[in-house]
Protein chains: 2
Amino acid sequence: MAEGRVEDIYDRVKQMAVTYRLRPGDRLNEVALSRELGVSRTPLREALNRLVAEKMFDFQPGTGFFCRQLDAQTVFDLYELRDITEIAAARLACARATDAQLAALKDELYATGITVDGLTVAEACARDEAFHIGIARLSGNAVLVAQLERINERIRYVRWVSLSMGQIRKSKDEHIRVIEALIARDADTAVAVLGDHISKRMDEVIDVVRQGISTIYMNTIDDLSEMVLLEENA
Amino acid sequence: MAEGRVEDIYDRVKQMAVTYRLRPGDRLNEVALSRELGVSRTPLREALNRLVAEKMFDFQPGTGFFCRQLDAQTVFDLYELRDITEIAAARLACARATDAQLAALKDELYATGITVDGLTVAEACARDEAFHIGIARLSGNAVLVAQLERINERIRYVRWVSLSMGQIRKSKDEHIRVIEALIARDADTAVAVLGDHISKRMDEVIDVVRQGISTIYMNTIDDLSEMVLLEENA
DNA sequence: GCACTCACTGCTGTATACAGATCTGCATAT
DNA sequence: ATATGCAGATCTGTATACAGCAGTGAGTGC
């Protein structure tokens with residue numbers, strides 16, 4: 001394997017944090033976690049320090065690492081920043097992407113299916129993210145893409161909750177309208193649809209957060225991520 | 001000290017990297033660096049892993065840590081993203097900041113002096129950054145502020161070079177125009193001035209990068225950061 | 001003269017040991 | 001009953017040891 005060991009631990013722990021298998025606010029026991037992962041504390045701590053830098057964990061000297069608590073304000077800030085970043089990315093993509101690139105994105109969108117029925121929440125979320133990242137990539141700005149990916153990681157769990165509450169239906173429709181607008185080089189329309197799309201999500205999420213994030217943590221992540229989206233009944 | 005040791009090492013090494021006392025592309029010797037810092041390799045590596053997460057260092061498993069190479073494209077991307085972020089921040093600030101907050105920022109701007117003559121490059125750069133961060137803070141979005149700070153860290157050296165080449169004179173003027181526009185709640189004007197301000201910087205930097213970043217590294221950082229800006233002779 | 005091999009040196013990767021700090025729970029006093 | 005202090009246990013913080021890999025240079029064969 002060309003991948004480093006720390007990298008591997010980093011991915012696994014991040015996955016645990018993103019999916020809230022590690023519960024927010026909890027201090028994590030290095031010895032126990034290192035044993036669970038089958039490594040020693042040294043590389044584990046190195047991986048944890050990377051996650052601290054990414055704001056995925058808090059670190060309190062003398063006490064240890066804490067799975068990060070997402071408060072309502074931070075969730076809002078993250079969504080707002082995501083909004084800003086994606087809209088800017090769409091404008092850049094509209095100006096810079098080739099027709100072929102846009103066509104490829106459209107094809108991919110259709111290829112992954114128009115409906116989300118039968119998908120798990122995790123799958124649906126991943127596809128949604130992939131489309132948005134796809135647009136960002138067409139901006140030609142790799143730093144922007146990396147940043148958007150990190151933002152997405154931090155709010156992924158919240159998005160799962162949001163999706164599982166059933167507000168995903170119209171997503172694909174809106175995605176298609178966005179890509180069509182980009183192909184027509186109509187940046188204003190693309191941005192308008194995208195902005196509307198995102199702020200609808202934001203509203204939903206605010207509701208979720210208002211209901212109290214704490215209650216959400218009661219659900220195990222398995223319940224949530226593996227939950228299959230039901231067919232529309234209307 | 002309430003600060004942790006890793007945190008301290010992290011700051012010191014980051015400072016070295018930001019100021020290019022560690023030269024880009026170089027593999028760094030953990031033993032030598034740990035001895036220089038007066039600590040062992042373990043906490044040093046933890047600090048380095050944080051910097052890897054921040055893209056300040058590259059890490060190649062089996063080989064070690066490398067001080068990050070900034071290529072022209074990445075510099076451009078970083079400036080573009082900074083542009084996007086600051087403009088969005090200014091719009092938010094215009095909508096959300098109180099009159100008192102804006103007045104305080106204006107006062108601070110005047111208090112730190114209108115001219116940069118006699119300042120070192122490092123000081124002039126720090127003040128410029130402080131103003132821009134000040135606006136971002138008024139956006140009320142803490143995540144956005146944190147992100148902007150990280151972007152600034154990554155391009156700080158390039159900015160030093162840019163500043164030392166003498167394009168700083170008009171900065172304060174433009175800053176004043178920005179803050180006046182914000183106070184008048186004229187977001188469009190503020191953004192227009194700010195955007196123009198930033199893209200002028202961007203042009204300068206592209207020139208710097210075109211001249212070849214590699215040649216720049218010849219100058220020690222001390223030459224650059226401590227260089228005092230001369231009075232205008234026109 | 002050039003290229004290839006092989007041993008060597010030095011560095012990284014990880015485990016582990018130990019010191020010091022923090023937390024927990026019980027006992028005691030108010 | 002509540003608060004306080006102490007002792008034991010647990011966990012973190014860092015150094016160090018050692019194994020293994022990567023880079024280097026000399027020497028040899030073609």
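Chain letters run A, B, ... following the sequence lines, proteins first and then strands; every chain starts at 1.
- Between B:H175 and B:F131, the angle of the ring planes stays under 30°, which puts this pair in the parallel group of the 30/60° scheme.
- Atom C1' of nucleotide D:dA9 and atom CG of A:N29 are separated by 13 Å, given to the nearest angstrom.
- Ion pairing of B:E7 with B:R50 is present here, as a side-chain N (NZ or NE/NH1/NH2) and a carboxylate O approach within less than 4.0 Å.
- With respect to the salt-bridge test (charged N to carboxylate O, under 4.0 angstrom), the residues A:R21 and A:E36 qualify.
- Summarising the geometry, the separation between CG on B:D8 and P on D:dT14 is reported as 10 Å, rounded to the nearest angstrom.
- Defined by atom type and a distance below 3.5 Å, a donor-acceptor pair is present between the side-chain atoms of A:Q73 and A:D77.
- For the segment residues 48-60 of chain A, no residue has any heavy atom less than 4.0 angstrom from an atom of DNA chain C.
- Remark: B:K55 NZ is loosely packed, at most 12 non-hydrogen atoms of other residues, nucleotides or ligands lying under 6.0 Å away.
- Atom CD of A:E30 is separated from atom P of C:dT14 by 16 Å (rounded to the nearest Å).
- B:R96 CZ: more than 12 foreign heavy atoms inside a 6.0 Å radius.
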What N/O pairs connect the protein and nucleotides 15-19 of chain C at under 3.5 Å? Give each pair on its own line.
from	atom 1	to	atom 2	distance (Å)
C:dA15	OP1	A:R5	NH2	3.1
C:dA15	OP2	A:S40	N	2.6
C:dA15	OP2	A:S40	OG	2.2
C:dA15	O5'	A:S40	OG	3.4
C:dA15	N7	A:T42	OG1	2.9
C:dT16	O4	A:T42	OG1	3.2

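- Residue contacts shown for A:L44 are absent, as no nucleic acid heavy atom lies under 4.0 Å away.
- Listed by chain and number, the residues in a side-chain hydrogen bond (donor to acceptor under 3.5 Å, both in side chains) with A:N141 are B:E80 (sequence neighbours excluded).
- Remark: the backbone N or O of A:Y79 is not paired with any side-chain donor or acceptor of A:D83 at under 3.5 angstrom.
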